[in-house]
Amino acid sequence: MSSNTGSNLPGSHEPSTPMAASPLTRAVLEIDTYASGLGWDQPARLFALVDTAKLRTQEPGLAAQLGLDDEAANTASFTPIEQEELPPGTALDKFLGTIAWPDAVAGCALTVERLMLPPSAEASVPHGMNEKQLAAWVAKHPDRQEVRMTVAVLRDGARESAVRLREKDSPTEVLTGADLVPGLAEALAATFAD
């Protein structure tokens with residue numbers, strides 16, 4: 001995939017990102033912060049994750065263009081590079097099934113907005129609806145919550161995700177964890193399958 005270097009994320013860590021967090025957690029939170037700055041009602045965004053130190057060594061011109069300094073290269077970190085827009089009208093799972101990453105890409109991440117229901121509402125979901133009918137039903141449910149999910153996976157199988165509720169849109173209200181969005185993590189991991 002080609003990178004859209006005009007929409008890269010800075011290599012430095014955001015002040016709100018805990019330095020004790022793993023490099024993958026820091027990358028997910030950096031992408032979440034970037035997506036938050038774009039506002040809500042955005043399309044899904046795909047990112048390649050590259051090892052910052054290797055990027056500085058192997059592609060110094062690109063690293064300079066991305067604003068990566070020596071400090072960023074000397075700490076274990078990943079640089080998220082936003083990819084071209086996802087084709088409009090293409091189902092996310094079908095699109096992810098077409099991706100093959102070059103060896104230089106250590107991982108990938110996706111940020112996507114969805115409507116979700118709390119577990120207490122699951123019992124009231126009518127049976128026999130197709131995906132379109134279910135989406136319409138959820139969109140009208142009074143307990144629906146709009147969320148932005150950022151999920152990242154590495155070639156080695158490591159996973160991390162961040163979930164932000166629209167109604168609690170604050171950097172201090174972002175939930176992180178490796179297994180928050182397992183289906184999406186599996187789909188992203190499959191992009192690295194041989």
Side-chain angles (χ1 to χ4, degrees), residues 1 8-38 40 42-55 72 75-83 86 91-97 99-122 138 145-194:
M1 303 217 58
N8 66 294
L9 302 172
S12 61
H13 304 295
E14 295 294 323
S16 62
T17 304
M19 290 307 293
S22 75
L24 188 56
T25 301
R26 288 193 304 266
V28 165
L29 290 173
E30 186 176 342
I31 293 168
D32 173 75
T33 299
Y34 169 75
S36 178
L38 298 172
W40 286 87
Q42 296 291 315
R45 297 178 186 280
L46 181 67
F47 300 85
L49 298 177
V50 296
D51 181 289
T52 304
K54 287 181 182 177
L55 179 63
T75 60
S77 66
F78 297 104
T79 299
I81 302 174
E82 186 172 358
Q83 303 300 292
L86 280 62
L92 190 57
D93 57 342
K94 289 183 181 181
F95 173 74
L96 291 175
I99 295 174
W101 296 103
D103 291 341
V105 174
C108 65
L110 182 80
T111 182
V112 64
E113 296 176 13
R114 291 291 184 257
L115 290 176
M116 297 181 76
L117 293 176
S120 60
E122 289 180 17
V138 170
Q145 295 181 6
E146 196 169 346
V147 298
R148 181 183 302 115
M149 302 175 287
T150 303
V151 180
V153 299
L154 297 179
R155 283 185 186 273
D156 68 8
R159 298 173 180 199
E160 187 61 79
S161 35
V163 176
R164 181 187 293 243
L165 294 174
R166 187 171 191 159
E167 70 180 34
K168 294 183 179 182
D169 193 1
S170 163
T172 61
E173 296 286 340
V174 177
L175 180 63
T176 60
D179 297 318
L180 296 178
V181 192
L184 187 51
E186 285 294 326
L188 289 172
T191 66
F192 292 104
D194 292 332

Spell out, as yes or no, whether a donor-acceptor pair under 3.5 Å connects the side chain of [X] to the backbone of [Y].
| X | Y | value |
| --- | --- | --- |
| T176 | A162 | no |
| T52 | S77 | yes |
| Q83 | R45 | no |
| R155 | V105 | yes |

If I take atom [atom1] from residue [X] and atom [atom2] from residue [Y], how far apart are they, to the nearest 0.5 angstrom?
| X | Y | atom1 | atom2 | result |
| --- | --- | --- | --- | --- |
| F47 | L188 | CZ | CG | 12.0 Å |
| L175 | D32 | CG | CG | 11.0 Å |
| L24 | L29 | CG | CG | 9.5 Å |

Is any side-chain heavy atom of [Y] closer than 4.5 Å to one of [X]?
| X | Y | value |
| --- | --- | --- |
| V174 | T33 | no |
| S36 | D169 | yes |
| L49 | P80 | yes |

A187 and L96: which non-hydrogen atoms are nearest, and at how many Å?
-> CB-CD1, 3.8 Å
Shortest non-hydrogen contact from L180 toward S161 = CB-OG, 3.5 Å
Partners meeting side chain to side chain donor-acceptor pair (under 3.5 Å) with [X] (sequence neighbours left out):
| X | result |
| --- | --- |
| R166 | D41, E146 |
| D93 | none |
| Q145 | none |

Residue pairs meeting side chain to side chain donor-acceptor pair (under 3.5 Å), one or both in residues 108-118, sequence neighbours left out, come to T111-T150
Please identify each residue that fulfils side-chain contact (heavy atoms from CB on, under 4.5 Å) with D156, with sequence neighbours left out.
-> L154, A158
Salt bridge (Lys or Arg N to Asp or Glu O under 4.0 Å): pairs with one or both residues in residues 179-191, sequence neighbours excluded = R159-E186
When L110 is tested against each of L92, I31, V151, V153 for side chain to side chain contact (heavy atoms under 4.5 Å, CB included), which residue passes?
-> L92
Which word best sums up how the rings of F192 and W101 line up, parallel for under 30°, tilted for 30 to 60°, or perpendicular for over 60°?
-> parallel
